[in-house]
Amino acid sequence: MLDGKIVGIKDDDLDKSEALTRADRELVDDTLRVIGISLANLKGAESIPAYITSDDRRSYEFRVYQQLGQLYLKQERPKDAADTYAGFARLNPLDAQAPAMQAQVIAIDQEAGFDQLALAAKKDYVAQYGLDGEFRKANPEGWQHAQPLVKTALGELAQRYHASAQKTKAQADYLEAAKWYRAWLAEFAGDPEAPENNFLLAEVLYESGQYAASAVEYEKTAYEYPAHPHSADAGYSALLAHTAEQKGVSGDALVPMQRTAVDSELRFGAAFPADARTPAVLTNAADTLFKLHDNERAASVAQQVLALQPPATPAQRRVAWTLVAHTSFEGGQFDRAEKAYGEVLALVPANDPARGELTERLAASIYKQGEQARTAGDNRAAAENFARVAIAAPASSVRANAEYDAAASLIALKDWPAATRTLEAFRQRYPNHPLQPEVTARLALTYSEQQQWAPAAAQYERIALAPATTPEGATRARAALWQAATLYERAAASDADSVKAGKPRPADAAANRALAAKAYERYLKQYPTPLEPAVEARWRLAQLAHIDGNAGAEAAQMHAIFVADQSGGTARTDRTRTLGAMAALAAAEPVAEAYRKVALVEPLAKNLKLKKARMEDALKAYAVATDYGVAEVTTAATYHVATLYQDFAKALTGSQRPKKLSKLELEQYNELLEEQADPYVTKAIELHGVNAHRTTQGLYDEWVQKSFGSLKALQPARYNKTEHSEATVDAIR
């Protein structure tokens with residue numbers, strides 16, 4: 001002791017102080033013992049603060065408390081000793097020695113059997129020196145030294161309340177245990193004991209009925225720490241927690257819980273593939289996903305079950321194969337569905353009631369493959385698949401349809417003998433089948449495919465005349481009538497081609513055109529709606545009239561097409577608009593012809609005015625066609641309009657000259673005509689250019705080509721270049 005001050009003492013071991021001699025240390029020890037005895041004879045720890053009146057004394061204050069506490073312990077006064085140590089910690093909460101003094105309180109209370117006091121002391125300790133205490137900021141080094149006891153105290157608090165909760169089942173005890181487990185994990189998340197404590201936290205939450213929260217902690221225990229003995233059990237316990245959470249829940253509220261549980265099951269399967277519980281877990285996950293209509297994931301998980309080694313149980317494999325089959329079927333993967341249903345049937349006993357439905361699904365899978373092949377245009381594969389239904393599932397309900405569709409596919413393949421055999425077998429096997437009328441239609445089709453058009457058309461007419469007792473029958477009759485008309489039309493065309501080739505046919509082309517026209521007229525009378533086929537029928541009648549040279553009938557039908565489309569409203573389609581546009585284009589031709597008939601001769605002013613008026617009429621008529629926005633009509637109309645401008649310019653320059661003009665006057669007159677014609681030439685070039693530019697949009701029809709031809713003549717320097725044209729055409733192609 002120098003000048004009444006203990007020098008160089010920074011811890012509780014005077015022997016470590018190099019600033020004191022041995023004699024000085026003995027003197028300090030004796031002094032502290034005397035102080036302790038004196039304080040014990042006064043009011044104990046209560047007397048100390050009155051003497052701590054300077055920083056020098058405060059520097060060894062803790063030793064005074066320590067000495068007094070040790071004296072009380074020697075005197076077997078543990079309560080007084082604990083109060084003494086606690087008094088220092090209470091008065092000096094941020095002192096570096098405070099944690100050690102408070103630790104003494106815990107030790108004394110525990111040794112003395114003061115359970116409640118020890119419990120309170122531990123709570124005070126972790127509150128003061130834990131992660132959120134002020135001591136951490138004030139004395140980081142001292143705080144670090146205090147952590148081992150914080151860890152121990154938190155663990156003991158959690159375990160105490162956990163044990164109590166298991167006995168009392170009191171919610172308050174569960175909550176208290178969870179609080180201390182959480183506090184421990186918050187401060188020692190990286191400690192090797194963290195997984196164990198996290199698992200215990202999850203157990204507390206589960207035992208108290210907090211299933212969702214317990215699942216979170218189980219999953220954290222299982223997956224967010226390095227592998228430990230509780231990893232798999234924690235992951236599985238999470239699944240049990242999810243299951244417990246779902247009890248009593250139904251409807252929409254259950255769905256998110258099920259999805260969360262599935263995610264947990266999949267996580268378990270990925271983390272613990274060799275666990276004996278994994279097959280059952282993944283099987284359940286796949287089944288739940290299927291019930292949730294998440295077919296893609298259900299199939300994927302089912303495949304995981306099937307790939308497990310060692311293999312899953314037969315019952316689990318049956319479920320997995322069933323899910324693969326159902327999801328494949330619903331996803332349009334019918335070949336996979338067929339294989340999977342076969343695997344399921346191999347696992348199902350012969351007397352199992354489920355075999356019937358599974359066999360039907362197998363047959364449906366094969367049938368659907370036939371439909372897919374047919375849609376893809378592979379009619380041979382379609383026919384083979386349809387035929388396989390009878391082999392794989394002869395008693396299935398889809399066999400009849402499969403055989404009928406096999407015939408249809410054979411017809412598409414033009415395999416007439418095989419198609420005929422199949423249709424005849426169908427007729428014999430299923431005499432009362434609703435498809436029997438269709439068989440007649442299919443047989444009629446075979447005549448047409450053998451190019452016996454007129455007989456085939458007659459068959460379709462008979463089908464059309466049959467009584468229609470159902471909407472489907474009416475639809476069938478309408479289709480048959482249409483087919484009859486088109487086949488008569490085709491017969492007429494074929495007859496005409498034969499005549500041209502020098503091969504006369506027994507039927508007369510004109511007669512067949514007349515029969516086709518009657519069929520189309522009957523169709524229009526019986527079926528004025530829907531709009532599109534009705535307009536199409538008028539278009540066919542117009543074409544037939546054109547072939548027969550009946551211009552009046554052709555014009556009447558074209559006008560009817562235009563009116564029908566314009567008044568069609570919401571029933572209009574792309575096809576009716578196209579035909580309407582063609583009709584409008586056709587209607588413009590007579591107007592343009594009327595323009596062309598006006599010659600620019602004397603009286604020139606009168607004829608020029610008339611020609612301009614006729615030109616405006618023609619432009620308006622072509623504008624009607626252009627307004628449809630139909631590409632092939634627009635290009636034609638654009639070309640014709642450009643030609644009108646081009647023709648008008650030519651008509652101007654070639655118009656009859658006034659008589660009695662001098663040579664100079666004639667030259668001036670010609671120059672004036674050229675000036676007046678130039679804007680029309682420019683307009684023609686502009687419109688032809690618009691058509692030519694449509695090549696950039698992928699359009700290169702005959703009208704675009706004609707515009708290119710006109711531009712070569714109008715602007716040869718730009719367009720009359722062979723290499724440029726070829727490059728343009730190549731680019732378009």
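These values consider heavy atoms only, across backbone and side chains, with no hydrogens, waters or symmetry-generated copies.
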List the steps and the verdict of side-chain hydrogen bond (donor to acceptor under 3.5 Å, both in side chains) for T313 and Q316. CA-CA 5 Å; T313 66; Q316 291 164 349; 3.3 Å; yes
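- When the salt bridge (charged side-chain N to carboxylate O under 4.0 Å, His left out) test is applied to E343, the partners found at least two apart in sequence or on another chain are K339.
- Applying the salt bridge (charged side-chain N to carboxylate O under 4.0 Å, His left out) criterion to D287, with sequence neighbours excluded, gives K291.
- Q210 pairs by the side chain to side chain contact (heavy atoms under 4.5 Å, CB included) definition with Q171, L175, L205, S208, A213, not counting sequence neighbours.
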E219 vs S264, test: side-chain hydrogen bond (donor to acceptor under 3.5 Å, both in side chains). Steps then yes/no. CA-CA 8 Å; E219 288 168 358; S264 188; 2.6 Å; yes
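- With N379 contributing its side chain and A382 its backbone, the two residues share no donor-acceptor pair below 3.5 Å.
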Show your reasoning for whether side chain to side chain contact (heavy atoms under 4.5 Å, CB included) applies to L157 and W184. CA-CA 10 Å; L157 286 168; W184 193 102; over 6 Å; no
Please tabulate, for side-chain N and O atoms in residues 388-397, each donor-acceptor pair with protein atoms closer than 3.5 Å (sequence neighbours left out).
{"from": "R388", "atom 1": "NE", "to": "N385", "atom 2": "OD1", "distance (Å)": "3.3"}
{"from": "R388", "atom 1": "NH1", "to": "E338", "atom 2": "OE2", "distance (Å)": "2.8"}
{"from": "R388", "atom 1": "NH2", "to": "E338", "atom 2": "OE1", "distance (Å)": "3.1"}
{"from": "R388", "atom 1": "NH2", "to": "N385", "atom 2": "OD1", "distance (Å)": "2.8"}
{"from": "S396", "atom 1": "OG", "to": "A393", "atom 2": "O", "distance (Å)": "2.8"}
{"from": "S397", "atom 1": "OG", "to": "E360", "atom 2": "OE1", "distance (Å)": "2.9"}

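- Remark: E357 CD is loosely packed, at most 12 non-hydrogen atoms of other residues, nucleotides or ligands lying under 6.0 Å away.
- Take N295 and apply the side-chain hydrogen bond (donor to acceptor under 3.5 Å, both in side chains) test, not counting sequence neighbours, and it matches E330.
- Between the side chains of T327 and E296, no donor-acceptor pair of N or O atoms lies under 3.5 Å.
- Of the charged side-chain nitrogens involved, at least one lies within less than 4.0 Å of a carboxylate oxygen, so that R297 and D294 count as a salt-bridged pair.
- Sorted by first and then second residue, the ring pair (Phe, Tyr, Trp, His ring centres under 6.0 Å) pairs with a member in residues 300-328 read F290-H326, H326-Y341; sequence neighbours excluded.
- Under the rule for a side chain to side chain contact (heavy atoms under 4.5 Å, CB included), the partners of H230 that lie at least two apart in sequence or sit in another chain are E196, F199, H228.
- With sequence neighbours excluded, no residue forms a side-chain hydrogen bond (donor to acceptor under 3.5 Å, both in side chains) with S328.
- Checking E217 against S214 by side-chain atom types alone, no donor-acceptor pair falls below 3.5 Å.
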For residues 232-239, dump all side-chain donor-acceptor pairs below 3.5 Å to protein atoms at least two apart in sequence or in another chain.
{"from": "D233", "atom 1": "OD1", "to": "R277", "atom 2": "NH1", "distance (Å)": "3.4"}
{"from": "D233", "atom 1": "OD1", "to": "R277", "atom 2": "NH2", "distance (Å)": "3.2"}
{"from": "S237", "atom 1": "OG", "to": "D233", "atom 2": "O", "distance (Å)": "2.8"}

Mind running side chain to side chain contact (heavy atoms under 4.5 Å, CB included) on E193 and F188 for me, showing each step along the way? CA-CA 8 Å; E193 297 177 16; F188 305 102; over 6 Å; no
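- Screening residues 349-388 for ring pair (Phe, Tyr, Trp, His ring centres under 6.0 Å) gives Y367-F386 as the qualifying pairs, with residues at least two apart or on separate chains.
- Taking the charged nitrogens against the carboxylate oxygens, R318 and D352 do have a contact shorter than 4.0 Å, which makes a salt bridge.
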Is there a salt bridge (Lys or Arg N to Asp or Glu O under 4.0 Å) between R380 and D415 once you walk through the steps? CA-CA 10 Å; R380 179 62 64 189; D415 190 346; 3.7 Å; yes
What do the steps show when you test Y181 against H162 for ring pair (Phe, Tyr, Trp, His ring centres under 6.0 Å), and what is the final call? CA-CA 9 Å; Y181 278 127; H162 192 172; 5.7 Å; yes
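- With sequence neighbours excluded, no residue forms a salt bridge (charged side-chain N to carboxylate O under 4.0 Å, His left out) with R267.
- Annotation: salt bridge (charged side-chain N to carboxylate O under 4.0 Å, His left out) contacts of K179 (sequence neighbours excluded): E176.
- A distance of 12.0 Å separates CG in D173 from CD in E207, rounded to the nearest 0.5 Å.
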